[in-house]
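Working notes for the structure below.
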Amino acid sequence: MAYTATAKEISELRKATDAGLLECKKALEESNGNQEKAVEWLRKNSAVKAEKKATRIAAAGTVFNYVHLGGKIAVIVEVNCETDFAAKNEKFQELGKGIAMHIAATNPTYVRSSEVPAEIVAKEKEILMAQIGNKPAAVLEKIAEGKIAKFYEENCLENMLYVKDDSKTIMQLVQEATATIGEKITIRRFARFEVGEGIAKKEENFAEEVAKMTGK
């Protein structure tokens, strides 16, 4: 007999994932009421929906901003969707604000891995190969792939684990929003500013500084 999800189960799953009621019901019934499997089903389904929308054009959207630490760090990020109507959606607004906050906290270099210049990837791989040492070529290549994936995770916004929920990446967060809102959503670009960043600061020996203050 096919499993039928209860209203309570659907409500709990929706609260945990922000997915639509019908999607939560479908996920639970596909997972025989197992909440963890239902969450996994929703994520896979979100990825499929996002992939189907990948060729559509997302030219609308919003520029979000976030200021942190009393004005010491500021971020602006452009998140695109397909229509102005979707740009005003509460979930879309939450997504954009969350991404801006994440950028402030993590300071990524690129939006996605495809933006990393090939020469930088090659250089990273060369350094990693030298660090790994004398191992069979196939083993070296496998280890290097994992290290490069880690490099992307640390430097590329979409590959990073979301600071507010480290069970998902920023890309998965965007895919889930795409499935919920029903439009293609993309992160186009961002800029992060930190007071004093890039300015050479004068450093003094602490003992010498104390000596100057005491006149000794």
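When reading the values below, keep in mind they use all heavy atoms of this one structure, side chains included, and skip hydrogens, waters and symmetry mates. Here the structure is a predicted model, which means the values were calculated and not measured.
Under the 3.5 Å distance criterion, the side-chain polar atoms of Arg112 are matched with a main-chain donor or acceptor of Ile187. Glu30 contributes no side-chain N or O that, together with a main-chain N or O of Ala27, makes up a donor-acceptor pair within less than 3.5 Å. Checking side-chain atoms of Asn155 against main-chain N and O of Phe151 turns up a donor-acceptor pair under 3.5 Å. Of the possible polar contacts, one joining the Arg192 side chain to the Ala104 backbone as a donor-acceptor pair under 3.5 Å is found. The backbone N or O of Cys24 lies less than 3.5 Å from no partner atom in the side chain of Glu9, so there is not a single donor-acceptor pair.
By the neighbour-count criterion of 12 heavy atoms within 6.0 Å, atom CD of Glu36 is sparsely surrounded, having that number or fewer from other residues, nucleotides or ligands. More than 12 heavy atoms of other residues, nucleotides or ligands shown are found within 6.0 angstrom of NZ on Lys168.
Counted by atom type alone, Thr83 and Glu183 present one or more donor-acceptor pairs between their side chains at under 3.5 Å. There is no side-chain donor-acceptor pair under 3.5 Å between Tyr152 and Glu124.
Ile127 and Ile143 fall into different hydrophobic clusters, where Ile, Leu, Val, Met, Phe, Trp and Tyr are joined by side-chain heavy atoms under 4.5 Å apart, directly or via other members.
Taking the charged nitrogens against the carboxylate oxygens, Lys150 and Glu153 do have a contact shorter than 4.0 Å, which makes a salt bridge. Between Glu23 and Arg14 there is no salt bridge, since no side-chain nitrogen of the basic residue lies less than 4.0 Å from a carboxylate oxygen of the acidic one.
Partner Leu28 forms a side-chain contact (heavy atoms from CB on, under 4.5 Å) with one of Thr6, Asn34, Ile10 and no other, that one being Ile10.
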